[in-house]
Amino acid sequence: MRYRLQIALVFLAPVALLAALFVLGGALGVKAPLLGRSYVIRLALPEAGATFGLPAIEGPQDPARPLLVIDPGHGGHDPGASGATVKEKTLALALARALRDRLLREGGVRVALTRDDDTFLVLEERAEIARRLGADLFLSIHADSAGDKAAVSGASVYTLSARASSATAALFAARENSADTVNGVPLADHNENVNAILVELSQRRTQSRSEEFAGLILREGQGALDFHPQANRSAALVVLKAPDVPSALFEAGFISNPADAGRLASPQGQSRFAEAMARAIRVYFARQAGG
Ligand SMILES: [Zn+2]
């Protein structure tokens with residue numbers, strides 16, 4: 001009997017102590033936390049449609065001059081594809097800057113970058129920046145990874161499609177579009193219904209101009225850039241969904257391929273890219289001005 005009493009006291013003593021503290025705390029005006037109270041932890045995530053600053057337009061400050069918006073993919077907490085020595089977000093920014101500098105040096109074209117440092121932008125913001133600046137052309141720059149298939153190499157040009165043109169393109173779209181999710185939760189709302197409406201709204205003229213631009217990249221890049229055997233692709237890419245700005249995504253090569261990664265990271269490789277891409281952009285603008 002005494003033994004049982006001792007056991008009971010061992011269990012009851014802490015309860016009695018807590019009760020005493022609770023009563024004492026109440027008397028002294030200190031609020032004790034109530035049992036079973038639930039706490040909510042809130043994480044601050046960037047809101048979809050939240051206001052963001054527009055980047056500066058460089059080059060001649062003449063609105064009659066054509067405006068190109070260059071979008072270096074990824075950034076900030078989102079590195080994109082990662083190679084052995086280099087990250088996609090770093091390569092994309094270097095290529096974008098090389099192209100901008102070349103166009104500004106040659107003159108006649110206005111240029112803005114969606115990001116000129118290591119910051120993160122959600123995909124909708126990128127296309128929205130182009131729309132708000134009244135861009136005539138939008139070019140998103142990326143690099144791909146084929147994982148451990150190091151032999152896969154070469155650049156590709158993507159335009160928007162409602163349905164991805166191949167399983168590979170669908171996979172690429174899934175990878176690029178997932179940049180806006182944190183633990184699988186989308187930061188901005190771009191569900192399939194919204195996508196379908198946006199694609200529908202996209203004017204045929206915008207789409208055909210996008211395809212014309214993609215064709216010019218392939219033509220002007222011939223001999224200067226190393227293309228993938230199937231370099232002309234279309235995919236359901238959120239970043240290309242501005243309904244009124246002709247848009248293309250240049251996937252500069254595979255950073256999982258040592259030759260591609262080395263070429264894209266070198267000043268010579270970046271300069272060759274900038275030269276060919278600047279040519280394609282000038283031919284495109286000349287055609288638009290002429291027609
Ligand atoms: Zn990417």
Side-chain angles (χ1 to χ4, degrees), residues 70-102 113-123 126 138-159 164-181 214 217-218 221-235 237-240 247-278 280:
I70 310 173
D71 171 48
H74 311 277
H77 69 75
D78 169 26
S82 286
T85 53
V86 73
K87 291 189 180 98
E88 180 185 357
K89 66 172 184 179
T90 315
L91 270 190
L93 182 58
L95 292 172
R97 283 174 173 163
L99 176 60
R100 173 196 59 192
D101 295 347
R102 174 149 202 120
L113 263 61
T114 55
R115 69 174 179 95
D116 196 8
D117 54 21
D118 187 24
T119 51
F120 174 76
L121 297 167
V122 299
L123 297 175
R126 298 169 187 267
F138 177 82
L139 175 68
S140 193
I141 298 176
H142 288 252
D144 206 352
S145 166
D148 54 5
K149 290 181 212 134
V152 180
S153 72
S156 299
V157 186
Y158 284 81
T159 50
S165 59
S166 72
T168 322
L171 207 72
F172 179 70
R175 219 162 38 236
E176 294 299 355
N177 290 344
S178 72
D180 279 5
T181 61
I217 297 173
L218 295 169
Q222 210 66 52
L225 306 174
D226 297 303
F227 286 111
H228 188 273
Q230 293 152 315
N232 198 354
R233 293 162 180 270
S234 64
L237 293 161
V238 171
V239 77
L240 298 181
S247 308
L249 185 148
F250 183 71
E251 188 270 283
F254 285 82
I255 60 175
S256 45
N257 175 268
D260 271 11
R263 175 170 47 82
L264 294 171
S266 75
Q268 295 89 334
Q270 290 170 4
S271 151
R272 258 169 70 189
F273 154 79
E275 192 186 343
M277 187 59 81

Nearest-0.5 Å distance, [atom1] of residue [X] to [atom2] of residue [Y]:
X: D116; Y: L93; atom1: CG; atom2: CG; value: 6.0 Å
X: T119; Y: H77; atom1: OG1; atom2: NE2; value: 10.5 Å
X: S140; Y: L123; atom1: OG; atom2: CG; value: 8.0 Å
X: T159; Y: L240; atom1: OG1; atom2: CG; value: 7.5 Å
X: S156; Y: D144; atom1: OG; atom2: CG; value: 7.5 Å
X: Q222; Y: I217; atom1: CD; atom2: CD1; value: 13.0 Å

### Query
D260 side chain to G154 main-chain N or O, any donor-acceptor pair under 3.5 Å?
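Between the backbone of G154 and the side chain of D260 there is a qualifying donor-acceptor contact (under 3.5 Å).
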[Y] side chain reached by [X] side chain, heavy atoms, under 4.5 Å:
X: I70; Y: T114; answer: no
X: L95; Y: P72; answer: no
X: K149; Y: F254; answer: no
X: H228; Y: R233; answer: yes
X: V239; Y: L249; answer: yes

### Query
Can R115 and D71 be counted as an ion pair, charged N to O under 4.0 angstrom?
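Salt bridge flag = no for D71 with R115.
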#### Entry: Presence of salt bridge, K89 and D78, under 4.0 angstrom
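Salt bridge flag = no for K89 with D78.
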I need the minimum non-hydrogen distance between [X] and [Y], along with the two atoms involved.
X: K87; Y: P79; result: CD-CB, 3.7 Å
X: A143; Y: A81; result: O-CB, 4.2 Å
X: Q270; Y: A94; result: NE2-CB, 3.5 Å
X: A155; Y: A252; result: CB-O, 3.5 Å
X: V86; Y: A261; result: CG1-CB, 4.5 Å
X: L91; Y: L264; result: CD2-O, 3.4 Å

### Task
In sequence, state the C-alpha distance, the side-chain angles, and the governing distance for M277 and L139, and then conclude on side-chain contact (heavy atoms from CB on, under 4.5 Å).
CA-CA 10 Å; M277 187 59 81; L139 175 68; 3.8 Å; yes
### Task
Show your working on side-chain contact (heavy atoms from CB on, under 4.5 Å) between R97 and L113 and close with a plain yes or no.
CA-CA 8 Å; R97 283 174 173 163; L113 263 61; 4.2 Å; yes
### Task
Anything under 30° is parallel, anything over 60° is perpendicular, the rest tilted; go ahead and classify H74 against H142.
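The rings of H74 and H142 stand perpendicular, inter-plane angle above 60°.
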### Message
Tell me whether D148 at atom CG has more than 12 heavy atoms from other residues, nucleotides or ligands lying less than 6.0 Å away.
### Response
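Counting other residues, nucleotides and ligands, CG of D148 stays at 12 neighbours or fewer.
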### Message
Applying side-chain contact (heavy atoms from CB on, under 4.5 Å) to L218 and V157, what does each step give before you reach the verdict?
### Response
CA-CA 8 Å; L218 295 169; V157 186; 3.9 Å; yes
### Message
Quick one about N257 and S153 (side-chain donor to acceptor, distance below 3.5 Å, no hydrogens or angles considered), yes or no?
### Response
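No, because no side-chain N or O of S153 sits under 3.5 Å from a partner of the opposite role on N257.
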### Query
Who are the ring pair (Phe, Tyr, Trp, His ring centres under 6.0 Å) partners of F273, not counting sequence neighbours?
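With neighbours one apart ignored, the set is F250.
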